[in-house]
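For reference, the structure is listed below as structure tokens.
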Amino acid sequence: HLMNLEDQKVALAVRKVIPQITRAVDLAADAMANGGRLIYLGAGTSGRLGLLDASECRPTFGSDKVVAVLAGGPQAMFRASEGTEDNRASARKDLQQIRLNKKDILVGIAASGRTPYTLEGLRYAREKGAPTIAVTANPKSPMQELADVVIAVNVGPEIVSGSTRLKAGTAQKLVLNMLSTAAMVRLGRVFSGLMVHMEMTNEKLRERGRSILMK
């Protein structure tokens, strides 16, 4: 019951930053419309949430314009690799590997707002002339100085002190949902609330595609 009461505060906290999310959607949609990508960067839970959102955009919207970079590489999705979040050089190397450029937009995700890997990634994106967005649960984080838009969702203390996989993680998931989905709507990948660009890769999705066409 206590966890549920705390979770109910998250959506209300996200509602307070809708103006910032709106500005981020504008930047993301413009970047993708002009040949760029929406790139998520993070470590630990934050990075995994970015990877989750990015991986779902192709089947949902038929777009490969949303990509994610996770500290420690793909294997960190399944096994904790907490030490990698301190590796600043790795952030630069990872972004160089995917050829981040000024057409792209980088979203740095860090609940604490102090993760060295994510901060260095934002710094590198700035050097490349790419727009930057920060998604954090810390309104006074160092990310403020490195982002064009700061989405800081103040969810308050966690029920397990410091465990940002709880309310902070839920807030990040909600923000990323809004960011990618609203940008895809802006880009015409959705029609009247229907996933008209979804990929029909199995029987369930083929049936859904038929249903969408009939509607």
**Item:** Nearest-0.5 Å distance, CE of residue Met184 to OG of residue Ser63
**Value:** 3.5 Å
**Asked** Is it true that the side chains of Asn138 and Ser112 contain a donor and an acceptor less than 3.5 Å apart?
**Response** no
**Message:** A quick test of your reading: do over 12 heavy atoms of other residues, nucleotides or ligands sit less than 6.0 Å from CD of Glu145?
**Reply:** no
**Prompt:** Which pairs with one or both residues in residues 155-171 pass side chain to side chain donor-acceptor pair (under 3.5 Å), sequence neighbours excluded?
**Reply:** Glu6-Lys167
**Prompt:** What distance do Met198 atom CE and Phe61 atom CZ have between them, rounded to the nearest 0.5 Å?
**Reply:** 11.5 Å
**Asked** To the nearest 0.5 Å, how far apart are CD1 in Ile39 and CG in Asp104?
**Response** 4.0 Å
**Request:** Determine yes or no for a side-chain-to-main-chain donor-acceptor pair under 3.5 angstrom, with Ser55 supplying the side chain and Leu52 the backbone.
**Result:** yes
**Request:** Share the residues that join Val150 in a hydrophobic cluster, the rule being Ile, Leu, Val, Met, Phe, Trp or Tyr side chains under 4.5 Å apart at the heavy-atom level.
**Result:** none
**Asked** When clusters are formed from ILVMFWY side-chain contacts under 4.5 Å, directly or step by step, what else is grouped with Phe78?
**Response** Leu51, Leu70, Met77
**Prompt:** For the atom pair CZ (Arg23) and CD (Gln20), what is the distance rounded to the nearest 0.5 Å?
**Reply:** 5.0 Å
**Prompt:** Does Lys128 NZ have over 12 foreign heavy atoms under 6.0 Å away?
**Reply:** no
**Item:** From CD1 (Ile133) to OG1 (Thr136), nearest 0.5 Å
**Value:** 14.0 Å
**Prompt:** If you look at every heavy atom in Met143 and Leu119, which pair is closest and at what distance?
**Reply:** CG-CD2, 3.6 Å
**Prompt:** Using 4.0 Å as the upper bound for N to carboxylate O, is an ion pair formed by Arg208 and Glu199?
**Reply:** no
**Interatomic spacing from CD in Gln96 to CG in Leu100 - rounded to 0.5 Å** = 9.5 Å
**Carboxylate-amine/guanidinium proximity below 4.0 Å for Arg126 and Asp148** = yes
